[in-house]
Amino acid sequence: MAIVEQEPLALPAGEPSRSARPLGVFSRPRNTTGLKNWLTSVDHKKIGIMYGVASLFFLLWGGVPALLIRLQLARPNQGLLSGDAYNQIFTMHGTVMVFLVVMPMGAAFANYLLPLQIGARDVAFPRINAFSFWVFLAGGIMLNTSWFLGGGPDGGWFNYAPNNGIAYSPGIGIDFWNVALMIAGFGSLTGAVNLITTVLNMRAPGMTWMRLPVFTWMTLVTQFLLLFAIPVLTVAQLLLLFDRRFDGNFFNVAQGADPLLWQHLFWIFGHPEVYLMILPAFGIVSEVIPAFARKPIFGYPFMVFSGIAIGFMGWGVWAHHMFVSGIGPLSVTAFAVATMFIAVPTGVKVLNWMATLWGGKLILNTAMLFSIGLVTQFTLGGLSGVSHAIAPADTQQTDTYYIVAHFHYVLFGGALFGFYSGLYFWWPKAFGYKLNEKIGKWNFWTMVLGFNLTFGPMHILGLQGMPRRMQTYDTSQGFNTWNMWATIGSFILAFATLSILYNALVSYLGWRRAGRPNPGPDPWDARSLEWSIQSPTPEHNFDVTPTVTSLDDWWYHKYQEDENGVLRRVASSKELAQPGNGEGVHLPAPSYWPIIVAFSLPIIGYGLIFSLWLCIPGVFLLLAAMYGWSLEPADDLDQDHHSEPEPELAQTHG
Amino acid sequence: MSTESMAVGDHSTTHDDDHEHHPTAKTYWLTFLALVILTALEVAWSYLGLSGVALVLPLLIMMVIKFAIVAGVFMHLYTDLNILNGHWFTVAFGIAIGLAVSVYVVVFAAFQFNI
Amino acid sequence: MAEAIIDQAATPVADEHHEGHYTSLGLSNMKLAMWLFLGSEVLLFGALISTYLLSKTRFLTELVAGNPEVVAGISNDENAELVNEMITKGSVEPLFDIPFTSLSSFILLMSSLTMVLAHKSVTEGNYKNLRIWLSTTMLLGATFMAGQVYEFTTFYREGLTYDGSLLGTAFYTLTGFHGAHVTGGLIMLGSLIYLSFKGRMQKDRAETVELVGLYWHFVDIVWVLIFTIVYLIH
Amino acid sequence: MQLVKSRTKWLAGAGGLPVGLLLAGCADETKPLNTFNPQGPRAELIDNLIQPIFLIAAVIGVAVVGGAIVLTIKNRVKPDDFDPDDFPAQTHGNPTLEWGWTAAPAVLLAGISVFTVFAIWDLEETNAPGGGIAGGGELDVMVIGQQWWWEYRYDVDGDGFFEDVNGNGVLNTTDEWDPADAEWPLEIALDDDDVSVANEMVIPAGEQIDLSITSRDVIHSFWIPRLNGKRDAVPGRVHSWNFVADTPGEYTGWCTEYCGLSHARMRMNVIALERDEFNRWLANQSRVADIPSEDTEAAAGRQIFQQQCASCHIIWEEGIGQDALYGRDFEAALTAKAAPNLTHFATRSVMAGAIYSTFVGLDANTNDLQPGNRNDRYLDEYLELPSFIPEENDQLGELRWNRPQLKRWIKNAPSQKDMAPEDLRGMPAFPGLTDSELDQLIAYLATLD
Amino acid sequence: MFTWGPKYLIGLSVTAWLAALAYGLVTGGDIVGVLSFGYKGGVGEHLGYTLLMGAFTVLAMLAGVTFATRDGEAETLARLAGTDTVPQVTPPTAPSYWGLLSAFGIACLMLGVALTSVFLYLGIAVIAVVAIEWVALAWSDRATGDPDTNRAIRERMLGPIEVPMLGAVAIAAMMIGVSRVFLAVSKTGAVVAGSIFTILLFGTAVLLAQTDAPRRFISAAVTALAVLVLGGGVVGAIAGEREIHHGEEEHSDDGETGESTEEGLLIDE
Ligand code: HEA
Ligand code: HEA
Ligand code: CUA
Ligand SMILES: [Cu+2]
């Protein structure tokens, strides 16, 4: 796979460019705007935005089932959803939220920001980048088509064996879950390879390890987690695929199989997965808080190393999801203790953020509020996490709403709050206008209210014994009151979740009405390199690759300490920022192949589910497209370069 | 991972193949010979009718040596090691192997002992 | 393409003079990416090998214990002797044909040698030998695959069906996956040969050969593991 | 165990109270699944462990959240006061501090982990080998989950239940054999003395019950919150677990591992009785069923039962040996073949995955899924349950057989509980049964006391 | 005037028609029914008959169309239109064997309908290949005025499909061929054959790499190997698999069972 991006498969060096301009789809896409451009773009910024749009869409799409769950559970013995429908709905809710919302949202920020923060022109492999996105989207769409093609998966998001077997889930929903996530996972994997290479190899001169912005660091750790975790999930899914589709026996107890194998494989992936969901948000917060506290991040090295530590420790705790699975007291002991200690590096992060707030001059705009929101809400979720780590206590807590409360506090109160913060923070960089602060504050406060009202009661419900994944309950169990509150909260939360879209719309219209004023390169007076270029980011990113001399280099271009050690502004952002004219800059050309390759995979996927015959055209298309890809030079040799009269520069690329 | 050496690396450029000192053909042939001998030894060992640790341990050791030889010589990890910062290949691969071995050994232990 | 982006605008002219391009680590992007990819493959094969080991252990325990379903799953009309032997030995060894698999391992090791020689040839600009070694590698790989086909057919005939037993499922999945990787490598080798005949695989493209080589050696390494863990430690 | 108890006690004393207050209303009888209402030493052990930890967590939580809020309010700059050239002190960090707050939680957690580890091992403790039920020391129960009800098998004669495929039917009451070592598939050797009941587990109070938990199909989880935490029922594995109920009473639970369609309707009931009451109960359960005399309604019902129901349900009668049981080997795929043993169905207070009461007050006659009056039930009434059944002209508030619900169930079980009988999971509907036939069936079931 | 397009199509359609008649009759139709499209009397097996008759109809119509347009032949068309100048014609990009191959494919298809499904699949495969290749070729022939460019375009379009497919076919042929040999000989025989083959392969490679072998030599070596593999495969396939079941080696050592002699025979072949 990896060789396809290789230029050597193109014309040899020095060979003059062909004069032919073939027709139709076989010529390279040239559009720089419009739908066709979005479909064929290899620009990391456009891809980042597409990731963002897709995951926001899926947030709503995954929120609808959540609301249905809450409606069903608002009162005892409701009949809104049948058992079957309920099972599909919570499974899809969890799956969509994890795989199609939080993960791609992390990828959105990573894609948009990584090259900018390290001073690069694009990621290492732009076409693979496009491929990663499209393959994620293809997988996501395919997963959701299950609704129309015979029913959604009903195994829960961790889909334990043998309940996921064909005997217990005879529909095709689980096959969709299986195959579609395998496809989406492939995108994450290629994305990880790409982004790691980018960070390792494409940093601007002087951008040493200890000068990387914290967000970049956290994303790097995240991508390593993906790189190593995805294949484990893939294997679990392959085993399931072979069991379900080809009568394998991996989870066939009658043949001596042990169903716990699935749990081990899934959670070896699953636990790193939860950290890779939170680390990008941690990175975002570590950028936002210093910017608006107007002081550097407290304890940069500790922030970095605790992130790395979380990444490593995340690999040693998976069986805390299996405390009651019967893995034996020795394993339980080991994993319980290991799990508890993950609170240490995480605590370092939390306390360092607090120390950054300490003595700062805080500008409490929406982005900052959401970041502080993360610090508080995540901590609550983390603390309940530690209480799960007390294995004996977890035998009471596991599979109750107490767990549901925990993971919504860390996922929504952590990851999503962080992402919202990031959206408000980087919106002007990406789109050239700020989001409305007033609506933003509404957004934040309704979110905090709705969030705590929804998930706070779940702590109590869980400890009062309400199991999760319950289609309904009885009055005699005493769950009525808090469930009602949670349902009310969830609608406030839905309103809050939606309001960022409303905000975007209102802000855009207002901005247009005001004659599209430019917010300037550095609207927040922030610290990292992406603020040293114009907003919205020019297509080529940097006119001139910056040379970095310190952490927060951009900040120290603007401000320097005078002889008294007092920080003084030496120049304005406007003067310092790169003007954004990309003379002579050579950009990778758009390509059709990534999207074609990406969408050939679901064809194979449908084939695996419905009829193997369908795999034949799928594989055919895949092979052909991969070949087309590798024969296509990464640069469009025929294309004129930006404002350069003589078309051919190809020969310089040996 | 000293910050120092990385900082130096930051200013380097790609080393062309001419600058890399890949092994000579002779080294490759000798490596191959070693691999063949090890394989033969492995097979022979498996025919001794041993069992338990006596069977498994030597086989595993030989396996690891073969693994290391292929990775080191054929995949140039040994030579790439010498290049400034080239240990990133080894780091990436090494983390992977370390993670895989430890994680899967733990899984296996959990099943084996079930305690 | 990498160069397009790394084509650091700061020094556009200088770039024309040296072949390598600026990267922070001084390593090639492609090579780094390949190693990262291989790292992730380590986890993949690790999981598959672990699954195999676990499944085999469980299968043997049940078989020796005489679990009728498990016995029925591996038995066919003719292999009573084989099944008995497996039960008495408590091992899957009777199934295997170690001499033949040793030959397979040997073939794959040999193909690693020819692969590395191919790379050497291309760095030396010896395109004839490049083609010879690439083709030999590919033919050896195909021979290995022929051996797999042979082995699968034999095992199947001997009663080890894919769906009949846990062992069968795990064995065919693991070796099949390795086989799929070999096949992928064969396709890459085929492309290299094709490009070489088209005159597009020259000295300055040596890295491509090296990358395919990395992949190929990795697949070989996996076989080193499988051979020892699956076949010899039965 | 002792060690942990003594150490956690003082912690609990210090921490338990405020936390208890914090979760006010938790220890409330109307919440039968409450984890803060331990009724046995196992649950208490867990409770004592977690209460102080909740307290610590609460303190940290309040400190962090409160701290963040205070810092935010204190340090915020009003937009009007904002002066871009007025900087706060540019602190880059303070390694001493940071090492401090790395070490402090680590030390705290190390302390907590000591208690945790002890508790983990304490919970695993199974009974010392003893003389079986007859000796009055202990009770071994095998708990078998399946979609979507529980079966309990009592080892009455104390010879152990299990034979593995090698025929190693060894006592699980001795040290020598751990059920976890059993080879799959297990066969369950029920002797004539042993007892099999569904959905409702009856135990002697104050005695440790050793459970061997397994499953016939998918993973379930056995959980009686007031007695102990949960343990998964995994097919192919036998997990040991145990609990003690301090006082007689009813303890409810819920299957807590997602197990498909009717996971929400797979609950369990444990009734703890005084020892002598328990003995009485056990003696009754060990009996075979009476055969109704000819020409009664019940006899007609028995006829129908044998035609329609006996393919899945067993009722032990004179002459039907216990080893003629269905499910002597239970395999993953045998789901529907395993249906509740109905020999003493009329003595149960719950049915169908413990979602329905088998007896209700008069006012609840027409209301399905209305077990509210379960709270009105008394244990002596439970014991007298069979005698309530045939009464005519009940007084208001008196309990009687839940005929309407039972009728609905037999007529069309899948409409009462999500099931997939077409995939052999659950009980099918019998649309062909007429009203009078249903009455006859129920009359027959009512004789099964 | 008949150009070769309609000629070819008419030929094909007649073949299809005859095949349909034959098929209908063979599978139990009567002559009237077969001739009258089943209007009166039976046509035998319906599906096959319908398919073949359908093929006939389509081909006949195509023949009509090409005849009417004079096969798009420039000269003829010009004459028909009465123009003086013949439109400029670009020479074809590559010689086309596709017509021939498609006839072969259709023949296979018909045989497949009538005889065994192996031919049917082969026919479908051939026709699919032809369809893709021919369309691409025809299109690229008219893409630009420059035959070289046209060839380049054709390669650019079809290379991605052709090269991996051909590669896959080659690899598959090798895998099947060699494995057939292994399967035909005895267990030890497989090891021996494998070793010999490998050493041969490797030895040839080493020799070729060492010496300055002329091109012809290399071609010869490659051809020899290919023949060896394919020939061996065919022979092996014809010989069939040896009796595989466990313990054969022991048996043959004893030399007392029937299988061992059979095995010996197989090796002899
Ligand atoms: C973003 C995702 C995310 C994050 C970051 C975490 C973080 C943590 N999680 Fe969570 N977890 C999930 C997502 C996440 N989790 C999900 C989705 C599930 C359910 C899966 C399912 O079943 O569906 C789950 C389930 C889960 C379980 C299994 C429960 C069960 O099913 O029985 C456990 C058990 O140990 C656990 C523990 C922890 C711990 C110890 C942390 C720690 O990392 C938290 C550390 C943070 C803090 C502790 C707060 C800050 C620290 C300080 C202020 C310092 C001082 C603190 C102390 C000294 C205590 N989690
Ligand atoms: C990031 C992850 C994430 C997020 C954001 C959420 C968000 C929410 N989740 Fe969920 N949740 C999970 C991850 C997440 N969840 C996971 C992993 C599970 C476990 C699944 C399993 O057990 O397998 C779970 C399970 C889960 C349960 C338990 C179900 C059960 O066990 O039976 C519940 C119950 O209340 C719940 C509720 C909610 C609610 C009310 C929200 C709210 O935040 C939702 C807010 C609402 C919206 C975002 C909708 C806004 C849109 C509209 C109002 C409509 C407009 C529509 C269009 C334009 C199309 N979630
Ligand atoms: Cu059984 Cu959930
Ligand atoms: Cu976890």
Side-chain angles (χ1 to χ4, degrees), chain A residues 77 83 156 160 162-163 167-168 170 253-254 258-259 294-296 298-299 302 324-326 329 332-333 336-337 340-341 343-344 347-348 351 354 357-364 372 375-376 379-380 383 387 390-393 395-396 399 463-465 467 469-472 475-478 567, chain D residues 30-31 33-35 46 49-50 53 57 61 64-65 67-68 71-72 75-77 87-90 92-93 98 101-102 105-106 109 113 116-117 119-121 123-124 218-219 225 229-232 234-237 239 254 256 258-264 331-333 369 371-372 374 418 423:
Chain A
N77 292 321
Y160 275 178
N163 191 39
Y168 306 109
V253 176
D258 193 328
R294 301 186 64 70
K295 61 199 276 269
F298 190 87
F302 270 77
V324 303
S325 297
V332 169
T333 305
V337 173
M340 279 181 227
F341 282 92
V344 172
V348 168
L351 294 169
M354 307 248 302
L357 294 177
W358 186 285
K361 292 220 159 40
L362 311 188
I363 305 166
L364 289 184
I372 297 173
V375 175
T376 56
T379 301
L380 296 180
L383 290 170
S387 76
I390 317 294
T395 63
Q396 292 283 21
D399 275 314
L463 292 173
Q464 288 175 351
R469 299 171 163 186
M470 282 297 154
Q471 180 222 352
T472 190
T475 311
S476 67
Q477 284 134 355
L567 219 49
Chain D
T30 64
K31 304 205 172 9
L33 295 165
N34 201 336
T35 61
I46 297 174
L49 177 68
I50 196 65
I53 289 169
V64 171
V65 176
L71 282 176
T72 307
N75 292 341
R76 92 196 129 132
V77 185
F87 285 100
Q90 301 284 303
H92 287 267
E98 291 169 70
W101 62 55
T102 311
L109 289 167
S113 66
T116 308
V117 172
I120 292 171
W121 289 87
L123 282 176
E124 292 294 327
V218 302
I219 302 179
K230 46 186 94 64
R231 171 91 2 141
D232 281 359
V234 181
R237 301 170 70 103
H239 293 148
W254 213 333
T256 23
Y258 173 64
C259 55
L261 263 188
S262 256
H263 166 63
E331 290 167 12
L369 273 177
R374 290 252 297 272
D418 289 305
D423 306 330

- Comparing D/R231, D/E98, D/H92 against chain A, the one with the most heavy-atom pairs below 4.5 Å turns out to be D/E98
- Query: Do the side chain of A/K295 and the main chain of A/W358 share a donor and acceptor less than 3.5 angstrom apart?
  - Reply: yes
- Task: State, yes or no, whether a side-chain contact exists between A/Q464 and D/T35 at a heavy-atom distance under 4.5 Å.
- Result: no
- Where on A/L380 is there a heavy atom nearer than 4.5 Å to chain D: the side chain, the backbone, both, or neither? side chain
- Query: Of the backbone (N, CA, C, O) and the side chain (C-beta and beyond), which part of D/L109 lies under 4.5 Å from a heavy atom of chain A, both, or neither?
  - Reply: both
- N-O pairing of A/D258 and D/R237 below 4.0 Å: yes
- Task: Find the one option among A/A391, A/G465, A/P162, A/P392 whose heavy-atom pairs under 4.5 Å with chain D are most numerous.
- Result: A/P392
- Query: Among D/G67, D/P88, D/S262, which has the most heavy-atom pairs under 4.5 Å with chain A?
  - Reply: D/P88
- Residue A/T472 versus chain D: region with a heavy atom under 4.5 Å: both
- By salt bridge (charged side-chain N to carboxylate O under 4.0 Å, His left out) - contacts of D/R76 (at least two apart): none
- Hey, is the main chain of A/L357 close enough, under 3.5 Å, to the side chain of D/N75 for a donor-acceptor pair? yes
- Between D/Y258 and D/H263, what is the ring plane arrangement, given parallel below 30°, perpendicular above 60°, and tilted in between? perpendicular
- Toward chain A, the part of D/I53 with a non-hydrogen atom under 4.5 Å: side chain
- D/W254 versus chain A, heavy atoms under 4.5 Å apart: side chain, backbone, both or neither? side chain
- Residue list, ring pair (Phe, Tyr, Trp, His ring centres under 6.0 Å) with A/F341, at least two apart or on another chain: none
- Proximal component of A/P296, with respect to chain D [non-hydrogen, under 4.5 Å]: both
- Item | Contact origin within D/A106 toward chain A - heavy atom pairs under 4.5 Å | both
